[in-house]
There are 2 protein chains.
Amino acid sequence: MRAPHGQNRRMNDTREHIEKLTDALRRAGIRVTRQRAAILEVLADAQDHPDAPELHSRANAIAPGISLSTVYRTLSTLETQGVIQRHQFDGASARFEPAETDHHDHMIDVETGKVIEFCNDRIEKLQAEIAAELGYEIVHHRMELYVRKTGQG
Amino acid sequence: MRAPHGQNRRMNDTREHIEKLTDALRRAGIRVTRQRAAILEVLADAQDHPDAPELHSRANAIAPGISLSTVYRTLSTLETQGVIQRHQFDGASARFEPAETDHHDHMIDVETGKVIEFCNDRIEKLQAEIAAELGYEIVHHRMELYVRKTGQG
DNA sequence: ACTCAATTGCGACTCATTCGCAAGAAATAT
DNA sequence: ATATTTCTTGCGAATGAGTCGCAATTGAGT
Ligand SMILES: [Mn+2]
Ligand SMILES: [Mn+2]
Ligand SMILES: [Zn+2]
Ligand SMILES: [Zn+2]
């Protein structure tokens, strides 16, 4: 099992990352507006998995006057474009992250809410096998481990 | 990988199944009302993973006059009692099933919406290992494979 | 039958998300 | 540069699953 990126994302050149995202939009004929640029920048910088109101607040710090509706609309657009991913963890509202090249799953500390990323190739392979056995191929999947620190409970 | 129950659930004595459920409630000091009995019966019979409005409609076929609020309230109660499980599949509203003794995960045919149950012990073991490596124990987890029939796509 | 807390139905309410639409940018044509 | 077309935005209203408050009802011990 490898830790996909996470802590190291800050190391990447953020500017480069944003350009990759905006290019994807331009290629799809979608205008890169002030508000979309701000939201993309926030997403590229994010180490966590922020929800819409949080993204709204961060984006407004960069470019004041963005409405929450626009944040929601932009997030839907970006998701459709495959630029970001939406996660619906247990009872919470949707959280987002840029669609990195490498797939990963999530572990959520039920005490603190902390989200930890991971990917296990053996599990990924087994999932494909299970689907194949029944004549299916996987379109996408989600695996979430809700966990608690062991020991002093 | 084994198919946990599914098609065979009809084979079980439904009456016996319902009694097991109602007993769990009585033991917890929760009244088994007309409406709760109906909802439990519907759940015990269900081969699929119905949502609240569907359960409402089925329960009303047995005992007319049950309100949707009561269905929602009862479902929450039953979930808290550990008698049923709630599933939140991709964009849909919550779906429910009795909490059988054996754990399983779900595969959703993205074309038809069909839900297939499965359980893979190797994956379950790997999940526990991954959590343990980071000093966590799993409280619960969810794994959903969104799939499509292979071939003629 | 009597008592009383638990439960119900109803309608009002919440909260995340979506919509409608008129006003405001961007791209495009003249 | 100006006009025209098309896409986006902000605002506030609407949605829809699920929850809540409350008066009326009922389950289950006495
Ligand atoms: Mn992630
Ligand atoms: Mn199931
Ligand atoms: Zn995975
Ligand atoms: Zn599992």
Side-chain angles (χ1 to χ4, degrees), chain A residues 21-42 49-60 62-81 83-96 113, chain B residues 18-19 21-42 49-60 62-81 83-96 113:
Chain A
L21 298 179
T22 55
D23 284 356
L25 290 195
R26 268 190 268 268
R27 246 178 284 119
I30 288 174
R31 293 178 189 167
V32 180
T33 61
R34 198 175 66 87
Q35 20 283 85
R36 284 176 179 162
I39 293 168
L40 282 172
E41 184 176 338
V42 168
H49 297 75
D51 62 8
E54 177 61 28
L55 286 165
H56 179 225
S57 138
R58 293 187 199 176
N60 268 299
I62 296 174
I66 304 176
S67 79
L68 185 54
S69 298
T70 294
V71 172
Y72 276 114
R73 266 187 302 238
T74 301
L75 290 171
S76 293
T77 303
L78 296 179
E79 188 189 15
T80 302
Q81 295 304 319
V83 168
I84 65 170
Q85 254 185 285
R86 176 191 305 260
H87 299 293
Q88 199 76 256
F89 297 139
D90 252 13
S93 44
R95 306 176 68 170
F96 303 84
Chain B
I18 296 173
E19 271 172 32
L21 298 179
T22 55
D23 283 357
L25 290 195
R26 267 191 267 269
R27 244 178 285 118
I30 289 175
R31 292 181 189 168
V32 179
T33 61
R34 199 176 66 86
Q35 20 286 82
R36 284 178 179 161
I39 293 168
L40 282 173
E41 184 177 337
V42 167
H49 297 74
D51 61 8
E54 177 61 26
L55 286 166
H56 180 223
S57 137
R58 293 187 200 176
N60 268 299
I62 297 174
I66 303 177
S67 80
L68 186 55
S69 298
T70 294
V71 171
Y72 276 115
R73 266 188 300 235
T74 300
L75 289 171
S76 293
T77 302
L78 295 179
E79 189 190 14
T80 303
Q81 294 304 320
V83 167
I84 65 170
Q85 252 185 286
R86 176 191 306 259
H87 298 294
Q88 200 76 255
F89 297 138
D90 251 14
S93 44
R95 305 175 69 171
F96 303 83

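Chain naming here is simple, since letters A, B, ... match the order of the sequence lines and numbering starts at 1 in each.
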For L75(B) and A52(B), the nearest pair of non-hydrogen atoms, with its separation, is CD1-CB, 4.0 Å
Can you name the closest pair of heavy atoms from V32(B) and A37(B) and give their distance? CG1-CB, 4.2 Å
Once side-chain hydrogen bond (donor to acceptor under 3.5 Å, both in side chains) is applied, what residue pairs with a partner in residues 27-38 of chain A remain, sequence neighbours excluded? none
Terminal axes of the helix from dA1(C)-dT30(D) to dT30(C)-dA1(D) (5 end pairs apiece), angle rounded to 10 degrees, sit apart by 30°
Between CG of N60(B) and P of dT8(C) the distance, given in whole Å, is 13 Å
Rounding to a whole Å, what distance do you find between L68(B):CG and dG9(C):P? 11 Å
Can you pull every protein N or O that's under 3.5 Å from an N or O on nucleotides 16-18 of chain D?
{"unit_1": "dG18(D)", "atom_1": "OP1", "unit_2": "A94(B)", "atom_2": "N", "d": "3.3"}
{"unit_1": "dG18(D)", "atom_1": "OP2", "unit_2": "Y72(B)", "atom_2": "OH", "d": "2.9"}

Between atom CG in L40(A) and atom P in dT8(D), what is the gap in whole Å? 13 Å
So which atom in R86(A) and which in A94(A) form the shortest heavy-atom distance, rounded to 0.1 Å? CG-CB, 4.0 Å
Provide, to the nearest angstrom, the distance between the CD atom belonging to Q81(B) and the C1' atom belonging to dT7(C). 15 Å
Minimal heavy-atom distance between A38(A) and I66(A), with the atoms involved, is CB-CD1, 3.9 Å
Find out whether H56(A) and N60(A) are in side-chain contact, i.e. whether some heavy atom of one side chain is under 4.5 Å from a heavy atom of the other. yes
Excluding sequence neighbours, so at least two apart, what forms ring pair (Phe, Tyr, Trp, His ring centres under 6.0 Å) with Y72(B)? none
Sidechain-backbone polar pair: D51(A) side chain, R95(A) backbone, donor-acceptor under 3.5 Å: no
Work out which heavy atom in I39(A) is nearest to a heavy atom in V71(A); give both atom names and the distance. CD1-CA, 3.9 Å
Sequence neighbours left out, what passes side chain to side chain contact (heavy atoms under 4.5 Å, CB included) with S67(A)? Give chain and number order. S69(A), T70(A)
For atom CG of L75(B) and atom P of dT7(C), their distance in whole Å: 15 Å
Heavy-atom nearest nucleotide on DNA chain D for I66(A) versus Q35(B): which residue maps closer to 5'? I66(A)
Taking every heavy atom of P50(A) against every heavy atom of L55(A), the minimum-distance pair comes out as CG-CD2, 3.6 Å
Which whole-number value in Å describes the distance from F89(A) CZ to dA16(C) P? 17 Å
What's the CZ-C1' distance between R36(B) and dG9(C), to the nearest Å? 14 Å
Filtered N/O pairs between nucleotides 20-28 of chain C and protein, under 3.5 Å:
{"unit_1": "dA26(C)", "atom_1": "O4'", "unit_2": "R31(A)", "atom_2": "NH1", "d": "3.4"}

Nearest to the side chain of T74(A), which nucleotide is it out of dG10(D), dT9(D), dG9(C)? dT9(D)
